[in-house]
Amino acid sequence: MATKLAALVVLAAFLAGPAACDGASICFNGWLRLPTYNAALCRPRPDVQTRQRRPAPSGSGLSSGYYNTRCPSAEKIVTDAVKKAVDANPGIGAGLIRLFFHDCFVRGCDGSVLLNTTNSKNSDTEREGPPNQNSLRGFEVIDEAKAAIEAACPDTVSCADIVAYAARDASYFLSDRKINIQMPGGRYDGRESFSNETDQLPGPFSNLTALQGSFAAKGLTSDEMVTLSGAHTIGRARCLFFSTRFSEMEPAFAAKLRAQCNGNDGTNVNQDDVTPNVLDKQYYQNVVDKKVLFTSDAVLNSTKTITQVTENANMTGAWERKFEKAMETMGKIGVKTIGNQQGAEIRKVCWRVNN
Ligand code: HEM
Ligand SMILES: *[C@@H]1O[C@H](CO)[C@@H](O)[C@H](O)[C@H]1NC(C)=O
Ligand SMILES: *[C@@H]1O[C@H](CO)[C@@H](O)[C@H](O)[C@H]1NC(C)=O
Ligand SMILES: *[C@@H]1O[C@H](CO)[C@@H](O)[C@H](O)[C@H]1NC(C)=O
Ligand SMILES: *[C@@H]1O[C@H](CO)[C@@H](O)[C@H](O)[C@H]1NC(C)=O
Ligand SMILES: *[C@@H]1O[C@H](CO)[C@@H](O)[C@H](O)[C@H]1NC(C)=O
C-alpha cells in the first residue's frame, strides 16, 4: 500500500497534469523512478527484450539540396532562425537537437512530435507523452521558420525537414562550427501523433540492454547509441531523473547537484558541468569520471561499450565525425517520402494537421 501510494505521488509529480492518470504510464519503464512497470498490462516490447536489430534506415527518397530548386531560401531561413535562437539561449539549441531525436524515434521523422492538434481530436499527442511533456523546447523556433518559409514558398517545405535542418544547424552552432551534418531533405509530414507511442523512447532509468534494444528497434547500432548519447554534453535535466543516484556519482559533483536540486524534483540542472553549452566530447570523460546524471549515461561504462567511450573521450575529432554520421542516419528513420500516398502531407502550420 505504502509503495503504491509513493508510486502515485511520484507519477503525479512527474506528469504534473490532471489528465495524467491514464493507466498507460506504467508502461514507461525506463522513465519511472520506482519499479511500477507491469509487463502484463503493457503491450509486448520485443525490442527491449532482444537486441535484434532492424535493417539500418535507408532514407530512400531523401536527397541533399532537396529544396534548392523547390524553395531556394528554405534552408537559410531555418539556419537564421536557429542562429538567432541559439545566440539568445544555447539551451534552445539543445532543445532542437532533442526534438529531432524524439521526432525520429516515434513514427519516424515525420514532424509528429510537433502536433498538439490532430484529426483524432480527443487523444493526447506525443507532446503530452511522459518523456516530452513540460520538457521539450524549441517549438517556437520551428514555428517561426515555418511561417517565414510559407511566406516565401507556400505548401512546399515539410515541418519534418525543418526539424531535421534545425537539429543540424543547432549542432553546428553549439559545436563552434565543428560539427557539420549532411542532412538530406524530402520528408513529408505525418497526420497522426499519440502520446502512448512515446514509450518507444529509452528512458533515464534504462539499462544497457534496454538502450541497445530501443535503438536496434529503429535500425540503429549500439555504437550509434553510444555516439548519440554524447548529446548529453549540452542542455538540462530535471532532478527527478537522477536524484536516486547521488551516491553513485563523484562526491563533489553529487554534492553540487544535491544543493542545486534542494529536494525539488522539477529543478533543472546542466547535464555537463564542465562545458555546459558546448556540443563536444566532454560527455565521455564525464562517464568515466562519474559526472553524468542518468543510469542510462552511467551504464556506458560497461565492457561492451567502454572502448568506444574511451576512444571518444580522447581521440580528437573521432566523436564529432561519428556524431555527424549518426545524426544523418537517425534522420532517415521511418521517413514518409511519397506524400499523400502514405497519408502524409506538407503541413501549413507545424502544430496542426491540414484540414
Ligand atoms: C540513449 C538514450 C537517451 C535517454 C535515456 C535520454 C534521456 C534524457 C532525459 C531524461 C533528459 C532530460 C529531460 C528532462 O529532464 O526534462 C534528456 C535531455 C536531453 N537529451 Fe536525451 N536521452 C537519450 C538520448 C538522447 C539522444 C540520442 C539525443 C540527441 C541526439 C539526446 C539529446 C538530449 C538533449 C540535447 C537534452 C537536453 C534538452 C534540453 O536542454 O532541452 N538524448 N535526455
Ligand atoms: C494509443 O492510443 C490510441 C488513441 O487513444 C489508441 O487508438 C491506440 O490503440 C493506442 N495504442 C497502443 C499501442 O496502446
Ligand atoms: C500548439 O503549440 C503551439 C506552439 O508550437 C502553440 O502556439 C499553440 O497555441 C498550441 N495550440 C494548442 C491548441 O495547444
Ligand atoms: C534491463 O531492463 C529490461 C527492461 O526494463 C529488463 O527486462 C531487464 O531485466 C533488465 N536487465 C538487467 C540485466 O537488469
Ligand atoms: C566502470 O566499471 C569498472 C568495472 O566494472 C569499475 O571498476 C569502475 O568503477 C566503473 N567506473 C565507473 C565510472 O562507473
Ligand atoms: C584521456 O587522456 C587523459 C590524458 O592522458 C587521461 O587523463 C584520461 O583519463 C583519458 N580519458 C579516458 C576516458 O581514458
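Model, not experiment: these values are computed from the prediction. One-based numbering, in listed order, for ligands and for the atoms of each. Scope of the values below: all heavy atoms of this structure, side chains included, with no hydrogens, waters or symmetry mates.
Checked by distance only, ligand 5 and Asn301 come closer than 3.5 Å through their nitrogen or oxygen atoms. In terms of N/O distances under 3.5 Å, ligand 6 is not approached by Thr310.
Taking the side chain as every heavy atom from C-beta outward, Val82 and Tyr172 never approach each other to under 4.5 Å. Looking only at side-chain heavy atoms (C-beta outward), Ser229 and Leu300 come within less than 4.5 Å of each other.
Residue-environment remark: CZ (Arg54) stays at or below the threshold of 12 foreign heavy atoms within 6.0 Å. Applying the 6.0 Å contact sphere to CD of Gln182 captures no more than 12 heavy atoms from other residues, nucleotides or ligands.
Within 4.0 Å of atom 5 (O) of ligand 5, not a single protein heavy atom is present. For atom 1 (C) of ligand 6, the nearest protein heavy atom lies under 4.0 Å away. The protein reaches atom 14 (O) of ligand 3 closely, with a heavy atom under 4.0 angstrom from it.
Those atoms of ligand 6 with a heavy atom of Val288 less than 4.0 angstrom away are 13 (C). Contact atoms of ligand 6 toward Ala313: 13 (C) (distance under 4.0 Å to a heavy atom of the residue).
Atom 9 (O) of ligand 6 has Gln285 NE2, 4.0 Å as its closest protein atom, hydrogens excluded (heavy atom only). Here the protein heavy atom with the shortest distance to atom 3 (C) of ligand 6 is Asn314 ND2, 3.6 Å. When hydrogens are left out, the protein atom nearest atom 10 (C) of ligand 3 is Asn116 ND2, 2.5 Å; that is the closest non-hydrogen contact.
The cationic atom of Arg98 (NZ for Lys, CZ for Arg) does not lie both less than 6.0 Å from the six-membered ring centre of Phe100 and within 45° of the ring axis.
Remark: distances from the non-hydrogen atoms of Glu140 to ligand 3 are all 4.0 Å or more. Within the 4.0 Å heavy-atom shell around ligand 5 one finds Val287.
Taking the charged nitrogens against the carboxylate oxygens, Lys84 and Glu144 do have a contact shorter than 4.0 Å, which makes a salt bridge.
There is no side-chain donor-acceptor pair under 3.5 Å between Glu224 and Thr227.
Ring geometry for Phe101 versus Phe215: interplanar angle under 30°, hence parallel rather than tilted (30 to 60°).
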